[in-house]
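Sequence positions, counted from 1, serve as the residue numbers for this chain. Basis for what follows: all heavy atoms, side chains included, without hydrogens, waters or symmetry-related copies.
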Amino acid sequence: MVRETGYYDTLGVNVDATYFEIRKAYYLKATQVHPDKNPGDPKAAEEFRALGEAFQVLSDPTTRARFGKHGKLCISQDYWMHTDTTYCIMFGSERFEDYIGQFAMNTFYSLLEMEEETLDLEVRKEKAIEKMGAFRKEREEKLIKFMKDRIQPFVDGRKDEFVKLVDSEARTLSTVACGEYMLHSIGHVYWAKARQELGKKRAFGGLDGWVENKGPRAYEMRPQIGSAKEAERVVLQQDMMEPEDFEDRFRTRIIQDLEAPTFGIRWDAAMLDLVITLSNVSHAIFKEPTVPEDVLKLRAEALEMFGMIFQGATAPFLREGSLRNEDEVEYPDSDMDI
């Protein structure tokens, strides 16, 4: 028995629906009314918001139980995350597919659904995890090809053309839902890996330069900044862990999302997926054995510039919605290589 069924009705699921069913219903409905597909449509925007709210409550066992016992009024409004961020962390963005492909978590659930329902769930999970490897490899190969093509003008010596192209692309993508978070996170991974390859120091990062969460866009910006910070933290963690341990942590998060779902688990899984995937892409671009060393160095320089532009944290690449502005930060060492 539940006190009210409003959130279940919004997603079109029964009150005894599994997390798998809730996740699928949210994805199908939210994708149809996503802001990027329905620009300027207030009705679609409101439906998208309501779906995100319902999913946030019902996808977490604790808040779902609280809603079932006490109703919607007992769910704190401080709990809500902006629905653009909720969807983006779960499913990525079609507008960024060339840069990140399809998230591994989505691939896992698609494969899980394709397995025979007559099989034991543990068997289905193992089969889905096993098959996921081939899909991840195919995803990385597509991203490697795309990124090599993207940075080729720089490698060929057409650096101004490259900068204008990437900056224009970043400014366009910054206008889509959750665009700045995606740009900053993608940019930071490539920037950090390129600087590491070139033997350069890291920038300060951390608490420095993040924009203030004030004004009418604060509710939208807070989760994007929080997610971008998390992506940066995961990049640092990767440098301190063995690759096998990092990969095991990612696989564990995928299983945990199915067995004991919380937003924190799927958030961590999304960050791990992004960092692992783009790190593998970077490595393939930097270490291609048939390519001369001087060309590989140019590729690293190109990817460093690409990451700087996508992050949009320094002039002349600052954007209206940039999440960080390092031009306003006074660093302690003026000759520090940032």
Task: Spacing of Leu272 atom CG and Asp268 atom CG [to the nearest 0.5 Å] - done: 4.5 Å
Open item on the list: With side chain to side chain contact (heavy atoms under 4.5 Å, CB included) as the criterion, how do Leu296 and Phe286 come out once you've worked through the C-alpha distance, each side chain's angles and the decisive distance to 0.1 Å?
Closed with: CA-CA 5 Å; Leu296 293 178; Phe286 300 150; 5.8 Å; no
Task: Side chains of Arg266 and Gln256, donor plus acceptor under 3.5 Å - done: no
Open item on the list: Atom OH of residue position Tyr27 - does it have more than 12 heavy atoms of other residues, nucleotides or ligands inside 6.0 Å?
Closed with: no
TODO: Apply salt bridge (charged side-chain N to carboxylate O under 4.0 Å, His left out) to the pair Arg150 and Asp98, showing each step before the final yes or no.
DONE: CA-CA 10 Å; Arg150 179 60 86 214; Asp98 285 339; 5.9 Å; no
Task: Met132 vs Arg136 side-chain heavy atoms within contact, under 4.5 Å - done: yes
Task: Distance, nearest 0.5 Å, that separates CZ of Phe67 from CG of Asp60 - done: 14.0 Å
Task: pair Leu274-Val234: side-chain heavy atoms closer than 4.5 Å - done: no
Task: Side chain Arg195, main chain Lys200, donor-acceptor under 3.5 Å - done: no
Open item on the list: Please report whether the ring centroid of Tyr99 lies less than 6.0 Å from that of Phe310.
Closed with: yes
- [ ] With side chain to side chain contact (heavy atoms under 4.5 Å, CB included) as the test, would you mind laying out the steps for Thr314 and Leu318 before giving the verdict?
- [x] CA-CA 5 Å; Thr314 56; Leu318 283 167; 5.7 Å; no
Task: Heavy-atom pair with the smallest gap, counting every atom of Leu11 and Ala25 - done: O-CB, 3.5 Å
Task: salt bridge (charged side-chain N to carboxylate O under 4.0 Å, His left out) assessment of Asp156 paired with Arg158 - done: CA-CA 6 Å; Asp156 290 341; Arg158 295 176 283 133; 3.3 Å; yes
Task: From Glu180 atom CD to Thr175 atom OG1, the distance as rounded to the nearest 0.5 Å - done: 9.5 Å
Task: Salt-bridge contact Lys125-Glu122 (side-chain N to carboxylate O under 4.0 Å) - done: yes
Task: Member of Lys287, Lys297, Arg299 meeting the salt bridge (charged side-chain N to carboxylate O under 4.0 Å, His left out) criterion with Glu197 - done: Lys287
- [ ] Looking only at non-hydrogen atoms, find the nearest pair between Leu51 and Thr10 and report the distance.
- [x] CD2-O, 3.5 Å
Open item on the list: Less than 4.5 Å apart, side chain to side chain, heavy atoms only: is that true for Phe154 and Leu303?
Closed with: no
TODO: State plainly whether the residues Asp120 and Arg124 are in salt-bridge range, i.e. N to O under 4.0 Å.
DONE: no
Open item on the list: Would you say that Met105 contacts Arg23 through its side chain, given a criterion of any heavy-atom pair below 4.5 Å between the two side chains?
Closed with: yes
TODO: Quick one: closest heavy-atom pair of Trp191 and Glu304, and the distance?
DONE: CD1-O, 3.6 Å
Open item on the list: Between Ser185 and Met182 (side chain of the first, backbone of the second, donor and acceptor by atom type, cut-off under 3.5 Å), is there such a pair?
Closed with: no
TODO: Apply the test salt bridge (charged side-chain N to carboxylate O under 4.0 Å, His left out) to residues Lys127 and Glu130: give CA-CA distance (whole Å), side-chain angles for both, the deciding distance (0.1 Å), then the verdict.
DONE: CA-CA 5 Å; Lys127 284 180 173 288; Glu130 183 180 337; over 6 Å; no
TODO: Answer yes or no: is there an ion pair linking Arg251 with Glu247, defined by an N-O contact shorter than 4.0 Å?
DONE: yes
- [ ] Say whether, by atom type as modelled, one donor and one acceptor occur between the side chain of Ser322 and the main chain of Arg319 under 3.5 angstrom.
- [x] yes
Open item on the list: I'd like to know whether CD of Glu94 has more than 12 heavy-atom contacts from other residues, nucleotides or ligands below 6.0 angstrom.
Closed with: no
- [ ] Please check if the side chain of Asp257 supplies one atom and the backbone of Arg253 the other of a donor-acceptor pair under 3.5 Å.
- [x] no
Open item on the list: Assigning hydrophobic clusters by single linkage (Ile, Leu, Val, Met, Phe, Trp, Tyr; side-chain heavy-atom cutoff under 4.5 Å), is Ile265 placed with Leu58?
Closed with: no
Open item on the list: Testing Tyr7, Phe91, Tyr26 one by one against Phe55 for a ring-ring contact (aromatic ring centres under 6.0 Å, His included), which residue passes?
Closed with: Tyr26
Task: Derivation of the side chain to side chain contact (heavy atoms under 4.5 Å, CB included) call for Ile151 and Ile285 - done: CA-CA 10 Å; Ile151 65 176; Ile285 290 173; 4.0 Å; yes
TODO: Not counting sequence neighbours, which residues clear ring-ring contact (aromatic ring centres under 6.0 Å, His included) with Tyr190? List them please.
DONE: Phe306
- [ ] Flag yes if more than 12 heavy atoms outside Lys137 fall under 6.0 Å of its NZ atom; otherwise flag no.
- [x] no
Task: Asp36 (side chain) donor-acceptor with Ala177 (main chain) under 3.5 angstrom - done: yes
Open item on the list: Within a 6.0 Å radius of atom OH on Tyr19, are there more than 12 heavy atoms belonging to other residues, nucleotides or ligands?
Closed with: yes
TODO: Find the distance between CD1 (Ile309) and NZ (Lys164) and round it off to the nearest 0.5 Å.
DONE: 12.0 Å
Task: Approximate separation, where rounding is to 0.5 Å, of Met271 CE and Lys229 NZ - done: 13.0 Å
Task: ILVMFWY cluster, Leu198 and Val155 together (side-chain gap under 4.5 Å) - done: no
- [ ] Give a yes or no answer on whether the side chain of Asp273 reaches the backbone of Ala104 with a donor-acceptor pair at less than 3.5 Å.
- [x] yes
Open item on the list: Donor-acceptor pair, distance only, cut-off 3.5 Å: does the side chain of Thr5 make one with the backbone of Tyr8?
Closed with: no
TODO: Considering non-hydrogen atoms only, spot the tightest contact between Gly92 and Phe103 and give its length.
DONE: N-CE1, 3.5 Å
TODO: Decide yes or no for Thr107 and Arg139: does some side-chain heavy atom of the first lie under 4.5 Å from some side-chain heavy atom of the second?
DONE: no
Task: Exercise: do Lys193 and Gln238 side chains pair donor with acceptor under 3.5 Å - done: yes
Task: Linked, directly or transitively: Leu165 and Ile186 (ILVMFWY side chains, under 4.5 Å) - done: no
TODO: Could you give me the CA-CA distance, side-chain angles and deciding distance for Asn280 and His283, then say whether side chain to side chain contact (heavy atoms under 4.5 Å, CB included) is met?
DONE: CA-CA 5 Å; Asn280 290 343; His283 185 270; 5.6 Å; no
TODO: Tell me yes or no: between the side chains of Glu232 and His184, is some donor less than 3.5 Å from an acceptor?
DONE: yes
Open item on the list: If you count heavy atoms of other groups shown closer than 6.0 angstrom to CG of Asp149, is the number above 12?
Closed with: yes
Task: Validation row: Phe48, Asn38 side chains within 4.5 angstrom (heavy atoms) - done: no
Task: Closest non-hydrogen atom pair, Phe250 against Ala269 - done: CE1-O, 3.5 Å
TODO: Please report the shortest heavy-atom distance between Gln56 and Thr63, naming the atom on each side.
DONE: O-OG1, 3.8 Å
Open item on the list: Under a 3.5 Å distance rule, please check whether Asp41 uses its side chain to pair with a backbone N or O of Ala44 as donor and acceptor.
Closed with: yes
TODO: Kindly determine whether Glu326 and Arg324 satisfy salt bridge (charged side-chain N to carboxylate O under 4.0 Å, His left out), including the steps that lead there.
DONE: CA-CA 6 Å; Glu326 293 187 355; Arg324 175 180 270 168; 3.5 Å; yes
Task: Distance in Å, Gln196 CD paired with Ser282 OG, rounded so as to fall on 0.5 Å steps - done: 9.5 Å
- [ ] Report yes if some heavy atom in the side chain of Gln311 is under 4.5 Å from a heavy atom in the side chain of Phe317; otherwise report no.
- [x] no
